[in-house]
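Below is one structure, written out as structure tokens, with a few remarks after it.
All residue numbers in this chain count up from 1 along the given sequence. Computed over heavy atoms, backbone and side chain alike; hydrogens, waters and symmetry mates excluded.
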Amino acid sequence: MADRPEGNAAKGDNRPKLSLHVPEPKFRPGDTVDFSHIDVPEAGSMARPDEACDPGEMRDMAFGLVRVLGDDNKAHGPWDPKLDADTLRTMLGHMAMTRAFDERMFRGQRQGKTSFYMKCTGEEATSISASMALAGDDMVFPSYRQQGILIQRGYPMIEMINQIYSNKGDKLKGRQLPIMYSSREHSFFTISGNLATQTPQAVGWAMASAMKGDSRIAATWVGEGSTAEGDFHSACTFATVYNAPVILNVINNQWAISSFSGFAGAERTTFAARALGYGLAGLRVDGNDALACYAAEQWAANRARANAGPTLIEFFTYRAEGHSTSDDPSGYRSAQERDEWPLGDPVMRLKSHLIAIGEWDEERQEKMDLEAAEHVKKVTKEAEANGILGHGLHHPFRTMFEDVFEELPWHLKEQADQAVRERETKFPEGLPAKGVQG
């Protein structure tokens, strides 16, 4: 290949040298945290546009912040969904159960019972409150931090734990990474470890629903870092071109596994502003305000059902703990961030709201938390009877070749026969007592 010509600077050109910008978070380990640069508007100050309005009328909604719960723990403004106390207590109960589930599964991973787990601490409202605003049969296409949706929709917890342990009770037969659940019966699409694949899938499903004249809409969840993936942008294009009845929920929790949101574009603008270039309706919402999350999702769902178009929602929140059990956030962010986060904790804020309106108290909260922890403990023991990581209680060996093809093709039949012969050669007297079932 021919040598490239020398740069202009080498020829004495007086044009300035170019420089590359590399995003850098404001706080690193050991730094004092100051979130005063985050504009937190007064609760109730954002207008609530008509659900069928033109996206062009919503420009300011992509840069503001929809908030309902104020510093007085009361609901304010036009976005107040005016939920009754029983619904709010149910919402709080799902959050308490999800948090108890996270704690137990995290501990199980540390004890070697599973290889992997991811908490959603601090983000519960973005999944639980949002999913409560949808119909139970609306199709959801989650990412890997929306376990609260399954809990809210009544999916048996033992099935979740069986999947995490990849034991003999795992309906997915150990073929998925722990926490990547799937339930057709609960309209919960299979979680994928490949980032953002769920977004075009959700749009495609919504398009098919519209083509069939169905009444169900789709909603998908994706982290802010994943919006840099091409799949996300393809999804936005198809959603707006075909007016798909879909909600694109972007969970901006400030951090990917070890890089902050600036690498996905947060330094330049909001993630809700991505909607503007596509002609999508865009909302930016306080992701730690359970009432605001519910109201925004309900608004977008009503818009989709009215054939008024798709919506992109940025839930502005904070990942309170590590990205996963394979992550140590103390290596890349200040330990003060969690306590200094200006939007607080979604569970505490909802609890405080119920107390403020005279529908709850600390004693009942303590009882709820204890009952949730005891329930998770009980179900975990039941699941552990089906086996845990490395203890041999897994699905029979033959199931490796099942459930993919209606009729097994010849080359897989040959591989299956070869695998059986190798096992018989290795274990001529049968499998060891703690070996894999045959």
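- Between the NZ atom of Lys26 and the OG atom of Ser334 there is a distance of 14.0 Å, given to the nearest 0.5 Å.
- Taking the six-membered ring wherever Trp is involved, the centroid distance between the rings of Phe141 and Phe189 falls below 6.0 Å.
- The ring-ring contact (aromatic ring centres under 6.0 Å, His included) with Trp255 is formed by just one residue from the set Tyr332, Phe263, Trp341; it is Tyr332.
- Ser131 contributes a side-chain N or O that, together with a main-chain N or O of Ile128, makes up a donor-acceptor pair within less than 3.5 Å.
- When each of Glu337, Glu340, Gln254 is checked for a side-chain hydrogen bond (donor to acceptor under 3.5 Å, both in side chains) with Tyr318, only Glu337 meets the rule.
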Mind running salt bridge (Lys or Arg N to Asp or Glu O under 4.0 Å) on Arg303 and Glu51 for me, showing each step along the way?
-> CA-CA 5 Å; Arg303 179 179 178 85; Glu51 292 160 351; over 6 Å; no

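- Between His323 and Tyr144, a ring centre-to-centre spacing shorter than 6.0 Å is recorded.
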Between Asp84 and Thr87, does a side chain to side chain donor-acceptor pair (under 3.5 Å) hold up when you go through it step by step?
-> CA-CA 5 Å; Asp84 61 79; Thr87 300; 3.1 Å; yes

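- Under the 3.5 Å distance criterion, the side-chain polar atoms of His76 are left unmatched by any main-chain donor or acceptor of Leu69.
- In this pair, His233 and Tyr278 present their aromatic rings tilted. The plane angle is within the 30 to 60° band.
- Formation of a donor-acceptor pair under 3.5 Å by the Glu371 side chain with backbone atoms of Met368 is not found in this model.
- Within 6.0 Å of atom CG in Asp403, more than 12 heavy atoms from other residues, nucleotides or ligands are found, so the atom counts as buried in its surroundings.
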So Arg28 and Asp31, salt bridge (Lys or Arg N to Asp or Glu O under 4.0 Å) or not? Walk me through it.
-> CA-CA 6 Å; Arg28 286 295 191 184; Asp31 291 345; over 6 Å; no

So Lys351 and Asp369, salt bridge (Lys or Arg N to Asp or Glu O under 4.0 Å) or not? Walk me through it.
-> CA-CA 12 Å; Lys351 179 195 76 171; Asp369 290 338; over 6 Å; no

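- Note on Glu359 versus Arg89: salt bridge recorded, some NZ/NE/NH1/NH2 to OD/OE distance being below 4.0 Å.
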Under the side chain to side chain donor-acceptor pair (under 3.5 Å) rule, what do Thr317 and Asn253 come out as? Steps first, then yes or no, please.
-> CA-CA 5 Å; Thr317 182; Asn253 65 14; over 6 Å; no

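- Atom CG of Leu291 is separated from atom NZ of Lys82 by 10.0 Å, given to the nearest 0.5 angstrom.
- Shortest non-hydrogen contact noted between Leu283 and Met61 is CD2-CE, 3.7 Å.
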